[in-house]
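Inspection log for the structure reproduced underneath, given as structure tokens.
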There are 2 protein chains.
Amino acid sequence: MASNTEENYLKALFQITIESGNKQEAGTNEIAAHLGVKPATANDMLKKLKLKKLIQYEKYGKSSLTKAGKKIAIEVVRKHRLWETFLFQKLAFSWDEVHEVAEQLEHIQSKKLIDKLDAYLEYPAFDPHGDTIPNAKGELNITIKKTLLEEEVGHQCKMIGVKDNSASFLQYVNKMGLSINQTIRIVARQAFDDLLEIEVNKKISSVSPKFAENIIVECAICNKATKA
Amino acid sequence: MASNTEENYLKALFQITIESGNKQEAGTNEIAAHLGVKPATANDMLKKLKLKKLIQYEKYGKSSLTKAGKKIAIEVVRKHRLWETFLFQKLAFSWDEVHEVAEQLEHIQSKKLIDKLDAYLEYPAFDPHGDTIPNAKGELNITIKKTLLEEEVGHQCKMIGVKDNSASFLQYVNKMGLSINQTIRIVARQAFDDLLEIEVNKKISSVSPKFAENIIVECAICNKATKA
DNA sequence: AAAATTAGTTAGGTTAGCCTAACTTTTATA
DNA sequence: TATAAAAGTTAGGCTAACCTAACTAATTTT
């Protein structure tokens with residue numbers, strides 16, 4: 001069983017490598033900076049994680065996750081994102097408040113709890129930041145997360161989150177007939193003033209670029225194109 | 001800010017003293033036993049908690065909570081019981097599974113989280129074990145928790161929990177028209193076979209002593225009598 | 001290629017929370 | 001009331017996770 005701290009190191013390594021990058025490894029200083037500790041501290045932990053066979057690491061070299069280490073990292077990410085979704089959807093936390101609390105909740109040890117939470121939330125695919133939630137098997141569908149502003153004309157996409165979480169913006173979102181999981185079709189983009197024409201529930205409306213860049217969407221068409 | 005461990009010591013002291021007793025103090029060995037640590041370890045912590053003015057303690061004497069210490073202890077108890085209620089009511093955990101997970105969840109630091117959870121659960125008065133949940137102000141209504149078996153004939157009481165959590169028992173409970181918060185009136189007790197006649201939803205039925213001792217109830221009449 | 005910068009490591013120190021072993025104080029009992 | 005038992009304390013040690021200071025290795029720059 002990994003300690004909270006060990007879990008945090010594995011998660012950091014996961015985020016630096018697998019997620020936000022192409023290179024599959026990270027340096028000691030990079031990891032230390034990510035966690036807000038000194039390189040000497042990170043170095044100690046890396047040696048320990050190597051001994052536990054959770055990472056690959058050689059003196060003066062870069063670190064990367066082993067299969068076992070990656071499994072733990074993904075579990076922590078899964079817990080983090082499920083809790084964020086719970087806080088956002090059920091407890092009406094705002095988008096920017098969920099992270100801090102989820103940092104604590106992600107370390108609760110109970111397989112049963114997290115699987116029941118997943119079921120209770122009806123197996124959400126995305127957290128409120130629009131990031132993919134790994135499933136119970138540790139599978140993580142890498143989907144392209146983008147804002148409505150970046151979506152292509154003609155494509156149909158699904159709203160999976162918001163960036164701005166102010167009451168005024170959320171009311172506006174609501175007024176436009178938008179909510180999580182709502183399907184949106186991009187009808188046109190006006191070259192003249194950059195307004196975006198979207199179709200929601202068979203109703204067409206125009207939204208500003210500022211509005212559009214605060215709506216996080218997922219697009220099945222784009223995802224397929226990327227995989228091919 | 002108290003650490004998880006400090007919180008556990010304060011909670012233990014609270015449970016030993018205020019809750020399950022009349023004497024308002026506890027010995028070092030008693031506290032150590034409650035927490036599963038050695039007396040030497042507890043002794044160190046008691047000195048530390050005294051320094052932080054969270055408990056009163058003199059060498060070779062008993063310990064008791066100060067106002068500040070009691071405040072923290074009650075907050076932890078509140079969090080524990082609210083999480084138990086959440087696990088039981090929303091995530092369909094069974095009665096006997098909630099405690100272990102709540103032991104972890106009770107240390108999550110976020111006032112906002114716990115108050116929102118309270119609201120989400122609609123301000124429950126009791127946890128699934130029938131224990132009172134302190135409110136946001138730290139007020140704890142001490143109510144007498146008893147089983148249906150112990151309730152007096154003629155009194156009306158409210159079901160607040162169950163002891164047995166097997167599927168078969170819960171189905172039986174359900175069949176009798178009983179659920180949490182359901183009002184029950186004790187019609188009579190048959191001296192001959194100890195069967196209890198109860199009225200639930202204007203329907204009278206008989207239950208065995210074995211059944212009755214697994215239903216936890218609260219009785220306003222009894223509570224009033226005790227306070228007077 | 002030598003020097004300078006950056007990255008990474010080692011050694012030694014701290015604190016929290018635990019332990020054992022030996023001791024002292026208090027309480028109960030003969 | 002003396003003594004045995006129970007309760008409580010102290011001293012010294014351990015591990016996890018952090019630190020600083022001084023070092024070595026690798027990489028850039030001139």
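All heavy atoms count here, side chains included; hydrogens, waters and symmetry mates do not. Bear in mind that the values here come from a model prediction, so they are computed numbers and not experimental data.
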Check your understanding: Okay, side chain of A:E103, backbone of A:E100: is any donor-acceptor separation there less than 3.5 Å?
Key -> no
Practice item. For the residue pair A:Q109 and A:E7, confirm or rule out a side-chain donor-acceptor distance under 3.5 Å. Key: yes
Exercise for review: In whole angstrom, give the distance that lies between atom CD of B:E6 and atom C1' of C:dT15.
Suggested key: 12 Å
Check your understanding: Do B:K163 side-chain atoms and B:N214 backbone N/O form a donor-acceptor pair below 3.5 Å?
Key -> no
Review point. So, does A:E151 use its side chain to make a donor-acceptor pair with the main chain of A:L148 at under 3.5 Å?
Key: no
Review point. Which of residues 29-40 of chain B sit near DNA chain D, with a heavy atom under 4.0 Å from it?
Key: B:N29, B:P39, B:A40
Review point. Does a side-chain N or O from A:Y60 land closer than 4.0 Å to OP1 or OP2 of C:dT6, or not?
Key: no
Review point. In terms of heavy-atom contacts, does NZ of B:K52 have more than 12 from other residues, nucleotides or ligands at under 6.0 Å?
Key: yes
Review point. Counting distance only, does the side-chain N/O of B:K62 pair as donor-acceptor with the main-chain N or O of B:A26 below 3.5 Å?
Key: no
Review point. Using a cut-off of 4.0 Å on non-hydrogen atoms, how would the nucleic acid contact of A:T5 be classed: base, sugar-phosphate, or nothing?
Key: sugar-phosphate
Practice item. Spell out, as yes or no, whether a donor-acceptor pair under 3.5 Å connects the side chain of B:T132 to the backbone of B:F126. Key: no
**Study point:** Nearest-nucleotide comparison on DNA chain D, the residue closer to the 5′ end among A:T41 and B:A26
**Key:** B:A26
Check your understanding: When you list every nucleotide of DNA chain D with an atom under 4.0 Å from a heavy atom of chain B, which one comes first 5' to 3', and which comes last?
Key -> D:dA7 to D:dT10
Review point. Within the distance-only criterion (no hydrogens, no angle test), does the side chain of A:R81 pair as donor or acceptor with the backbone N or O of A:D127 below 3.5 angstrom?
Key: no
Check your understanding: Is there a donor in the side chain of B:H99 and an acceptor in the side chain of B:H80, or the other way round, less than 3.5 Å apart?
Key -> yes
Practice item. Say whether A:S94 and A:E97, considering side chains only, have a donor N or O and an acceptor N or O under 3.5 Å apart. Key: yes
Point to revise | Sub-4.0 Å heavy-atom contacts from residues 43-52 of chain A onto DNA chain D, ordered by number | key: A:D44, A:M45, A:K48
Check your understanding: Taking the inter-plane angle between the rings of A:F86 and A:Y120 on a 0 to 90° scale, is it parallel (under 30°), tilted (30 to 60°) or perpendicular (over 60°)?
Key -> tilted
Check your understanding: Would one find a side-chain N or O of A:T28 under 4.0 angstrom from OP1 or OP2 of C:dT9?
Key -> yes
